[in-house]
2 protein chains.
Amino acid sequence: MNELASILKTHNLKVTPQRLAIYSILLNTKEHPSAEAIYQSLSLDHPNISLATVYKTLDTFKINNLVQELNVGEGNFRYDANILDHTHAFCNSCRKVIDIDESISPEITKQLCNDSGFKVTSSKVYLFGTCKDCQ
Amino acid sequence: MNELASILKTHNLKVTPQRLAIYSILLNTKEHPSAEAIYQSLSLDHPNISLATVYKTLDTFKINNLVQELNVGEGNFRYDANILDHTHAFCNSCRKVIDIDESISPEITKQLCNDSGFKVTSSKVYLFGTCKDCQ
DNA sequence: ATTGATGCAAATGATTTGCACCGTG
DNA sequence: CACGGTGCAAATCATTTGCATCAAT
């Protein structure tokens with residue numbers, strides 16, 4: 001059996017072609033796609049999938065901590081199969097979201113935690129500016 | 001003339017009672033209200049203001065860098081008249097957004113900037129967890 | 001066979017837009 | 001007076017929901 005299927009089973013989720021397809025897209029892209037963008041990607045190999053299913057599946061994945069939801073202020077959400085806290089940089093020019101793999105965010109959360117009495121379970125760090133290609 | 005009025009003028013914005021009211025609300029709250037919440041607050045003293053005007057005004061303020069827009073994943077935006085980069089903590093229990101006044105976020109953005117070739121102009125840091133009152 | 005997943009279409013909720021009218025500079 | 005701002009209602013966009021059907025265990 002395929003590896004994705006066993007990950008889904010680990011979370012007590014039924015294995016369906018739709019779920020495999022959506023999870024596979026997220027694992028194989030660096031684009032941080034929106035629900036709509038995922039739906040577009042699916043139109044090739046799974047033309048009869050429903051947008052509602054994409055939303056429901058993403059919600060299920062989010063609840064089961066298989067994906068994280070991002071919001072860089074565009075008016076919709078984006079999804080990332082990398083669930084570890086890491087920094088996302090949004091280019092105001094090309095509107096791409098880039099992963100910044102630095103382990104600084106987790107560190108600062110701990111520091112902030114100490115001072116404020118707020119018990120931190122996760123964090124999101126967004127940088128805004130211009131990416132290398134657009135400069 | 002009142003101080004808020006002169007701030008608006010500095011940005012070449014016409015001074016209207018609606019803008020003064022909205023900006024005043026944002027300057028005097030720690031609640032990080034949504035457009036809808038601001039509209040509710042206005043219903044007392046400005047009962048005939050339009051929700052569309054609230055949205056248009058917030059957009060104008062955002063463009064003129066008088067407010068910043070937050071998104072903690074609730075499906076709407078919240079607004080903060082403190083435009084300096086600072087950390088926001090969202091309590092998953094009471095759904096309040098709390099300011100964390102630490103100057104760490106600006107520091108990390110500089111570090112990340114160096115490594116990635118991404119030119120950072122601003123940043124947003126969100127912490128998720130449980131606030132002091134809810135623990 | 002049971003239970004949960006899917007697809008469709010309709011509903012919702014947040015935000016935006018068009019346009020006539022009004023108020024500020 | 002001119003131009004931008006406001007209010008209203010309608011439109012749009014992202015996301016959710018209800019429900020009948022379908023598929024995985």
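Lettering of chains follows the sequences in order, A, B, ..., and the numbering in each one begins at 1. Worth knowing before you read on, the calculation uses all heavy atoms, side chains too, and leaves out hydrogens, waters and symmetry mates.
Checked against the 6.0 Å centroid threshold, B/Tyr23 and B/Phe61 count as a close aromatic pair.
In the set D/dT6, C/dC8, D/dC8, D/dC8 carries the atom at the smallest distance from any side-chain atom of B/Ala52. Taking the side chain of B/Lys56 as heavy atoms from C-beta on, and the options D/dG7, D/dT17, D/dA23, the nearest nucleotide is D/dG7. Listed nucleotides C/dT24, D/dC19, D/dT6 differ in distance to B/Arg19; the shortest reach to its side chain belongs to D/dT6.
Nearest heavy atom pair, residue B/Ala35 against residue B/Val54, reads O-CG1, 3.7 Å. Taking all atoms of both residues into account, the shortest heavy-atom contact from B/His46 to B/Ala21 is NE2-CB, 3.5 Å.
Remark: P of C/dG4 and CD1 of A/Ile63 are 14 Å apart, rounded to the nearest angstrom. Taking atom CG on B/Leu13 and atom C1' on D/dC3, their separation rounds to 14 Å, with Å as the unit. Between A/Asn12 atom CG and C/dG4 atom P there is a gap of 12 Å when expressed in whole angstrom units. Distance B/Asp59 CG to C/dA14 P: 18 Å, rounded to the nearest Å. In this entry the distance linking CD1 of B/Ile49 with P of D/dC8 reads 10 Å, nearest Å. Between B/Leu58 atom CG and D/dG5 atom P the separation is 14 Å, expressed in whole Å. What separates CG of B/Leu51 from C1' of D/dA11 is a distance of 15 Å, to the nearest Å. Rounded to whole Å, atom C1' of C/dG13 lies 14 Å from atom CD of B/Glu74.
The side chain of A/Thr16 places an N or O atom within less than 4.0 Å of a non-bridging phosphate oxygen (OP1 or OP2) of C/dT6. A/Tyr55 has a side-chain polar atom (N or O) that falls below the 4.0 Å cut-off from OP1 or OP2 of D/dT15.
Contacts of B/Asn48 with the nucleic acid, taken as non-hydrogen atoms under 4.0 Å apart, involve only primed sugar atoms and P, OP1 or OP2. Within 4.0 Å of B/Thr53, counting heavy atoms only, lies at least one base atom of the nucleic acid.
Along DNA chain C, the nucleotide closest to B/Lys62 and the one closest to B/Pro17 are compared, and the more 5′ of them pairs with B/Lys62. Mapping A/Glu36 and B/Gln18 onto DNA chain D by nearest heavy atom places B/Gln18 closer to the 5' end of the strand.
Salt-bridge check for A/Asp59 with A/Lys56: failed, with every basic side-chain N at 4.0 Å or more from each acidic carboxylate O.
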Practice task
Apply side-chain hydrogen bond (donor to acceptor under 3.5 Å, both in side chains) to A/Gln68 and A/Tyr79, showing your working.
Solution key: CA-CA 6 Å; A/Gln68 66 168 305; A/Tyr79 296 88; over 6 Å; no
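At a cut-off of 3.5 angstrom, counting only N and O atoms as typed in the model, there is a donor on one side and an acceptor on the other between the side-chain of A/Lys14 and the base of C/dT3.
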